[in-house]
Amino acid sequence: MRIVVDTGNHIAAKAVQMARVDVVAAYPITPQTTIVERIAEYVEKGEFHGDYICVESEHSAMSACIGASAVGARTFTATSSHGLLLMHEMLHWAALARLPIVMANVNRAIGPGWNIWSDQNDSISQRDTGWIQFYCSSNQEIFDTIIQAFKLGEHEKVQLPVMVNYDGFILSHTSLPVKIPEQEEIDEFLPKRKIKWKLDINNPITHGNIIMPNDYPKIRRAMQEAHENAHGIIKEISREWEERFGIYHGELLELYKCDDVDYVLLSMGALGAESKVAVDEMRKKGRKIGLARVRVLRPFPKKEVIELARHSDLIVIDRNISVGMEGALFTEIKASLYGEVDAKVYGYIAGLGGKDVTFKDISKMCERVMDGKYGGYMIFDVEG
Amino acid sequence: MAIKDLPKEEYVLPGSAACPGCPATIALRTVLKALGKRTILVIPAWWTAVIQSWYPHTSFKVPILNIAFEAAAAAASGVSSGLKVLGEKDINVVVWAGDGGTYDIGIQALSGALERNTDFIYICYNNQIYSNTGIQRSGATPYAAWTTTTVGGKREFNKDMGAIVMAHRIPYVATACISYPEDLYKKVMKAKEIRGPKYIEILTPCPPGWRFSMDKTVEVGRLAVETGAWPLYEYENGKMSFNGFSKLILEGKVKRKPIEEWLKMQGRFRNLFKPKRDEERIRRIEEFIERMWEDFRSKV
Amino acid sequence: MIKYDVVTTISYPKKGAMGKTGGWRAFKPILDKEKCVRCLRCWIFCPEGAIIRKEDDSVEIDYDYCKGCGICANECRVKAISMVREESK
């Protein structure tokens, strides 16, 4: 184990190298670009065992990943914002084909107007594609989650693609210290990919031809079951990582000071890291509040959220908006509780388009709730 | 080479979902005889996605990856790259796409795959229409042809896809026609032995799409070549050469048959002859074809 | 064939994936073996692979799958194949 100080994107590239990825297909986009640049450097120096396909678009990036994964290669791509949106069709394809491709998505707002800063609307728009979705809050978590994502996606009971999200610039371009295990340790944790199906000239199957209405629903049901399986396997993998490397980022949720509290704050990504500071500040003032950082959005941590709500009311801050409704996390948390537990849930949206959200802003939102002054659901960035 | 020299091995099984008289299965049978067992097909959304028949059965004996309409060449890049890294050698990675997936929606992915030197064979099955969705115009549809989106006849001429592909300066480009199976077989065999991107485009007359009787599929293809509407050529090491009847046309050893013979066989050109002969449009077609051959002569 | 243990759209090769497609036929090709010169044009042009090529390059029609398109008859240079209307079933 050694400590490296580097940006989130370079750490992601390091994880890809150490996961012994066979094929990377990716197209540059701000703020993801320095991942692919670093991988290209590895290739040039002979430090990358696989192949990097310089595709001509993100749609082709995901299509090439599907092709490579379908012959048995461990496959990775990285993108952001509009790039992820261009991939959308093929995200569905990869998941329905049950190919364990791993992607780093550097969360960035969507235009117009052009905005390159952090916002989760890109990945939130992909919730229904069948991909597992992680949201990271530190460079250490980026490294660890990318390695874990291969193990999870390739697990025989999962066989799904995995998206590892983290905030543009806040993490992608910020240097932070990261503990990097030795290559042999990674190899022990992450053995070679076990293949569940592939294009094999000695076993000539056809993948993805016409499927009739009577058969199609079972393909979807199997995906749903795989997500349900992933729920437990994420926990196993998190614990195994802690045992091997002494690092723990939580499971589907990362719980921070949640015992014996009246309120639990829920948020995702770097906002989750900032929320920790806010919780500490509020607790100093005697507030009984903890934090549950949502690390995994798909499969949704429904059971865990219900447990939290049995003992406390919930405050949700979303860095995204499902226009015409509300923040996605807010909706999903309320849906999870329906008919299970009668807790109050308060919601805010903050940090859209990279708008800075400080621990003071977070405290202000929470205190308003705790003081009985919650004025209803709103976009904090605009209405303050 | 004679027909009897083609291998007996079949990779398309009888009892598929293809229409009677379908040129796709005619072409696929010959192409797969040349490619053999060590082949992976990548097929975008189009008529051959239907021909495979449906889950959980397939009519093909080589592995197939079906993929979205515009994605075939990119997916093939991934297949080719994956096989290379995993050390699986001597497997033909072959895209089998229609003219819609090639000329139009898939042209970006194709151009990208050619430019980055993907080791694969891209086969464009050109029936000059979007047939899977029920006969709409494509970039390959010829001038004046009826389709359900050009009911008075197409107002534009088709693209020269061969020239677009050759502009990528890849090692091998060829055109073929289902009516000349030995020629098609030889071209696929040649492409197999070359590393890097190879492009073969096959003209495949579609009975319901072109409006002719299904027993005439091969005859309509043959007449396309004999009238010069469809040229048979190869492009290797930066040079074009012509094959079979097309070679004779190019060298002036035979005169092209009148284009009307080909047009009149197809109901899609009925607008040109009924209720009265459309001299202007027929002349434009004739001029277009003559200019194409003049252009070829200047290149060889 | 190995059956893969994962639920996605994986299909396995089958002769007659759409059943006995001979039932689609309206006209039936009849081969006159006396006239056949074993040029194999019917074999190579058959869209269905329903013309069976034998060891000696003589051919037989597989009526289980022949869809009756008539290309074989149209392409036969010695007119050894004729198309006759199927008896109504």
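We use all heavy atoms of the structure for the numbers below, so side chains are in, but hydrogens, waters and symmetry mates are not. All values reported here derive from a predicted model rather than from experimental measurement.
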*Name the option with the most non-hydrogen atom pairs under 4.5 Å to chain B; the candidates are C:A50, C:G19, C:G16.*
C:G16
*Top residue by heavy-atom pair count (under 4.5 Å) with chain C, among B:L6, B:T217, B:I64?*
B:L6
*Check whether any side-chain heavy atom of C:M18 lies under 4.5 Å from a side-chain heavy atom of B:S16, and answer yes or no.*
no
*In Å and rounded to the nearest 0.5 Å, what is the CD1 to CZ distance from B:I3 to C:R53?*
9.5 Å
*asked:* Which one wins on heavy-atom pair count under 4.5 Å against chain B: C:G68, C:P47, C:G70?
replied: C:P47
_Under 4.5 Å from a heavy atom of chain C, the part of B:K216 involved_ = both
*asked:* Quick check on B:F60 against chain C: is it the side chain, the backbone, both or neither that has a heavy atom closer than 4.5 Å?
replied: backbone
*Counting only heavy atoms closer than 4.5 Å, note whether C:I10 contacts chain B via side chain, backbone, both or neither.*
backbone
*Going from NZ on C:K14 to OG on B:S53, what distance comes out if it is rounded to the nearest 0.5 angstrom?*
9.5 Å
*Could you tell me which portion of C:C66 (side chain, backbone, both or neither) has an atom closer than 4.5 angstrom to a non-hydrogen atom of chain B?*
neither
_Shortest non-hydrogen separation from B:A18 to C:W24 and the atoms involved_ = O-CZ3, 3.2 Å
_Crowding at NZ, B:K192 (>12 non-hydrogen neighbours, <6.0 Å)_ = yes
_Atom CG of residue position C:D5 - does it have more than 12 heavy atoms of other residues, nucleotides or ligands inside 6.0 Å?_
no
*Heavy-atom distances under 4.5 Å only: say whether C:R38 touches chain B with side chain, backbone, both or neither.*
neither
_How about CZ on B:R270, more than 12 heavy atoms from neighbouring residues, nucleotides or ligands closer than 6.0 Å, or not?_
no
_Best-contacting candidate, B:S59, B:C22, B:A17, against chain C by heavy atom pairs under 4.5 angstrom_ = B:A17
*Compare all side-chain heavy atoms of B:W54 with those of C:S11 and state whether any distance is below 4.5 angstrom.*
no
*Measuring heavy-atom distances to chain B, does C:E48 have an atom under 4.5 Å in its side chain, in its backbone, in both, or in neither?*
both
*With only heavy atoms counted, which part of C:K3 is less than 4.5 Å from chain B, the side chain, the backbone, both or neither?*
neither
*Measure distances from B:I178 to the heavy atoms of chain C and classify the residue's part below 4.5 Å as side chain, backbone, both or neither.*
backbone
*asked:* Please report the interatomic distance CD1(C:I81) to CG(B:D215), rounded to the nearest 0.5 Å.
replied: 12.0 Å
*Value rounded to 0.5 Å, distance of CD in B:E10 from CH2 in C:W43*: 6.0 Å
*Compare every heavy atom of B:L13 with every heavy atom of C:P13, then report the nearest pair and how far apart it is.*
CB-CD1, 3.9 Å
*Below 4.5 Å, heavy atoms only, C-beta onward: do C:T9 and B:N66 meet side chain to side chain?*
no
*Going by heavy atoms in the side chains, are C:K15 and B:K61 under 4.5 Å from each other?*
no
*Let me see the working for B:I26 and C:I71 under side chain to side chain contact (heavy atoms under 4.5 Å, CB included), right down to the final yes or no.*
CA-CA 10 Å; B:I26 299 178; C:I71 288 177; 3.8 Å; yes
_Nearest heavy atoms of B:S179 and C:F45, plus distance in Å_ = O-CZ, 3.5 Å
*Walk me through it: do C:F27 and B:M214 pass the test side chain to side chain contact (heavy atoms under 4.5 Å, CB included)?*
CA-CA 12 Å; C:F27 287 86; B:M214 62 188 172; over 6 Å; no
_Quick one, C:E75 and B:R222 - any side-chain contact, counting heavy atoms below 4.5 Å?_
yes
_More than 12 heavy atoms from other groups under 6.0 Å of NZ on B:K4_ = no
